Number of protein chains: 2
Amino acid sequence: MTIAEVSEKYDLTQDTLRYYERIGLIPHVNRNKSGIRDYTEEDCKWVEFIKCMRNAGLPIEALIEYVALFQQGDETIGTRKELLIEQRKQLIKRMEDMQKTLERLNYKIESYEQLVVKKEKELKRVEE
Amino acid sequence: MTIAEVSEKYDLTQDTLRYYERIGLIPHVNRNKSGIRDYTEEDCKWVEFIKCMRNAGLPIEALIEYVALFQQGDETIGTRKELLIEQRKQLIKRMEDMQKTLERLNYKIESYEQLVVKKEKELKRVEE
DNA sequence: ACTTGACTTGGTGTTAACTCCAGGTGATAT
DNA sequence: ATATCACCTGGAGTTAACACCAAGTCAAGT
């Protein structure tokens with residue numbers, strides 16, 4: 001796959017794809033004889049995985065480390081697992097915070113709803 | 001309340017508090033005769049509210065608009081409600097995305113667990 | 001009276017995460 | 001043969017969201 005196709009498929013700019021590769025957020029992509037990137041299936045999976053994780057707010061640093069560990073082979077399986085567990089913990093924490101904020105928003109919106117109803121009644125009273 | 005107390009209470013630097021006020025993320029705080037900020041109860045509530053919303057990822061832009069609407073008085077109640085509803089919608093979307101990522105992480109961690117178990121068995125076999 | 005220390009403002013610096021750009025290369029269309 | 005085009009690299013530019021700083025003010029302690 002060309003970089004243009006990958007860019008299109010995952011809605012990331014070519015610059016972003018090159019940037020991710022440069023900083024080690026995805027493994028190095030092989031080039032053809034003329035030096036142009038040729039993304040394999042696996043490269044694509046990495047791109048998709050990273051995009052998903054970044055989208056959920058996982059820190060770039062942690063993901064770079066994960067990729068680096070992955071490239072070091074099977075001895076790092078335990079470490080990688082621990083890393084993911086830690087990130088999961090933090091993700092859950094963020095989600096809990098967001099849940100609280102959501103409830104607060106719900107309450108606020110309901111309060112506004114009450115206010116709106118009240119105002120409408122007042123207006124009616126004036127009209128009558 | 002002094003800025004130092006508010007800073008301490010909500011774990012935001014004085015610089016951040018001043019910055020939030022400057023860009024309109026919280027309403028203007030009154031100063032005493034000598035020009036020093038004196039936060040009222042209401043100011044504090046704003047600080048806490050904004051911190052909570054920012055923490056959940058609500059965009060600064062939307063919050064600035066909310067504060068501005070608030071300061072324009074009762075005619076903006078409807079608009080404010082709509083704004084909150086829109087932000088709630090986006091918050092829910094983010095949470096759903098994160099939920100999917102969480103499930104994916106769970107699956108990945110489980111897979112790693114399987115792998116670890118397998119590797120241990122292999123090692124045992126070698127030892128025997 | 002003078003120093004200290006917390007605060008003020010206006011402005012500059014920093015960091016992360018892209019994003020853009022200039023100059024160059026190789027394959028393809030005319 | 002040459003023009004076009006997609007891509008390359010290294011490096012500079014951008015933006016958001018603060019963080020830091022210099023120079024000044026004011027009240028309180030000694």
Side-chain angles (χ1 to χ4, degrees), chain A residues 1-40 43-44 46-68 87 90 94 97 101, chain B residues 1-40 43-44 46-68 87 90 94 97 101:
Chain A
M1 254 194 178
T2 69
I3 194 170
E5 285 161 351
V6 177
S7 166
E8 167 84 10
K9 186 166 179 189
Y10 299 106
D11 192 31
L12 295 169
T13 70
Q14 300 189 13
D15 268 312
T16 300
L17 286 169
R18 283 190 280 258
Y19 167 70
Y20 280 0
E21 186 179 344
R22 196 157 65 204
I23 65 171
L25 199 45
I26 58 172
H28 188 260
V29 175
N30 278 338
R31 322 288 152 118
N32 64 20
K33 335 86 198 159
S34 44
I36 289 178
R37 284 174 182 79
D38 183 16
Y39 288 78
T40 65
D43 292 329
C44 289
W46 271 108
V47 170
E48 194 271 335
F49 173 69
I50 290 297
K51 188 185 178 187
C52 175
M53 294 299 139
R54 285 294 295 135
N55 208 25
L58 271 77
I60 280 198
E61 274 309 310
L63 294 170
I64 288 178
E65 196 188 337
Y66 181 75
V67 173
Q87 290 308 318
Q90 295 185 21
R94 282 198 299 278
D97 286 355
T101 304
Chain B
M1 256 194 174
T2 69
I3 194 170
E5 286 161 349
V6 177
S7 166
E8 166 85 9
K9 185 167 180 188
Y10 298 107
D11 193 33
L12 295 168
T13 70
Q14 299 190 14
D15 268 312
T16 301
L17 286 169
R18 284 190 278 257
Y19 167 70
Y20 280 1
E21 187 179 342
R22 196 157 63 205
I23 65 172
L25 199 43
I26 57 172
H28 188 262
V29 176
N30 278 340
R31 323 289 152 118
N32 63 20
K33 335 87 198 161
S34 44
I36 290 177
R37 284 174 182 78
D38 183 16
Y39 289 78
T40 64
D43 291 329
C44 288
W46 272 108
V47 170
E48 194 270 336
F49 173 69
I50 289 297
K51 190 190 176 183
C52 174
M53 294 299 139
R54 284 296 294 136
N55 208 27
L58 271 76
I60 281 197
E61 273 309 310
L63 294 170
I64 288 177
E65 197 189 337
Y66 180 75
V67 174
Q87 290 309 317
Q90 295 185 21
R94 282 198 301 278
D97 286 355
T101 304

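So you know, we letter chains A, B, ... as the sequences are listed, proteins then strands, and number each from 1. Bear in mind that the values here come from a model prediction, so they are computed numbers and not experimental data.
Atom pair B:Asn55:CG and D:dC18:P shows a separation of 11 Å (rounding to whole Å applied). Put simply, CE on B:Met1 is 17 Å from C1' on C:dA6, counting in whole angstrom units. In this entry the distance linking CG of A:Leu25 with P of C:dC18 reads 8 Å, nearest Å. For the pair A:Leu17 CG and C:dC20 C1', the interatomic distance rounds to 15 Å; values are reported in whole Å. Nucleotide D:dA6 holds its P atom 14 Å from the CD atom of A:Glu8, rounded to whole Å. To the nearest angstrom, C1' of D:dC20 lies 17 Å from CG of B:Leu12. For B:Ile64 and D:dA17, the CD1 to C1' distance is 11 Å, given to the nearest whole Å. Atom P of nucleotide D:dC18 and atom CD1 of B:Ile50 are separated by 11 Å, given to the nearest angstrom.
Remark: A:Glu5 pairs with no residue by the salt bridge (Lys or Arg N to Asp or Glu O under 4.0 Å) rule, at least two apart or across chains. Residues passing the ring pair (Phe, Tyr, Trp, His ring centres under 6.0 Å) test with B:Tyr66 are B:Phe49, sequence neighbours excluded.
Remark: A:Thr16 is not in phosphate contact with C:dA17, judged by side-chain N or O atoms under 4.0 Å from OP1 or OP2. When the side-chain nitrogen and oxygen atoms of A:Tyr20 are compared with OP1 and OP2 of C:dC18, one or more of them lie within a distance under 4.0 Å. Applying the 4.0 Å criterion to OP1 and OP2 of C:dA16, one finds that A:Tyr19 has every side-chain N and O outside that range.
With values rounded to the nearest 0.5 angstrom, B:Tyr20 atom OH is found 5.5 Å from B:Ile60 atom CD1. Here the CD1-OH distance, from B:Ile26 to B:Tyr19, works out to 12.0 Å after rounding to the nearest 0.5 Å. Taking OG1 of B:Thr2 as the reference point, atom CD of B:Gln14 lies at 7.5 Å (rounded to 0.5 Å). Note that the OG1 atom of A:Thr40 and the CG atom of A:Asn30 stand 7.5 Å from one another [nearest 0.5 Å].
Summarising the geometry of A:Asp38 relative to A:Asp43, their closest heavy-atom pair is O-OD2, 4.0 Å, with the distance given to 0.1 Å.
Nucleic acid contact for A:Arg22: base, since at least one base atom lies under 4.0 Å from a heavy atom of the residue.
Side-chain N/O atoms of A:Asp15 and base N/O atoms of C:dC18 include no donor-acceptor pair closer than 3.5 Å.
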Polar atom pairs between nucleotides 7-9 of chain C and protein, under 3.5 Å, N or O only, would you list them?
{"unit_1": "C:dC7", "atom_1": "OP2", "unit_2": "B:Gln14", "atom_2": "NE2", "d": "3.2"}
{"unit_1": "C:dT8", "atom_1": "OP1", "unit_2": "B:Arg37", "atom_2": "N", "d": "2.8"}
{"unit_1": "C:dT8", "atom_1": "OP1", "unit_2": "B:Arg37", "atom_2": "NH1", "d": "2.9"}
{"unit_1": "C:dT8", "atom_1": "OP2", "unit_2": "B:Arg18", "atom_2": "NH1", "d": "2.5"}
{"unit_1": "C:dT8", "atom_1": "OP2", "unit_2": "B:Arg37", "atom_2": "NH1", "d": "3.4"}
{"unit_1": "C:dT8", "atom_1": "O5'", "unit_2": "B:Arg37", "atom_2": "NH1", "d": "3.4"}
{"unit_1": "C:dT9", "atom_1": "OP1", "unit_2": "B:Arg31", "atom_2": "NH1", "d": "2.5"}
{"unit_1": "C:dT9", "atom_1": "OP2", "unit_2": "B:Arg37", "atom_2": "NH1", "d": "2.9"}
{"unit_1": "C:dT9", "atom_1": "OP2", "unit_2": "B:Arg37", "atom_2": "NH2", "d": "2.9"}

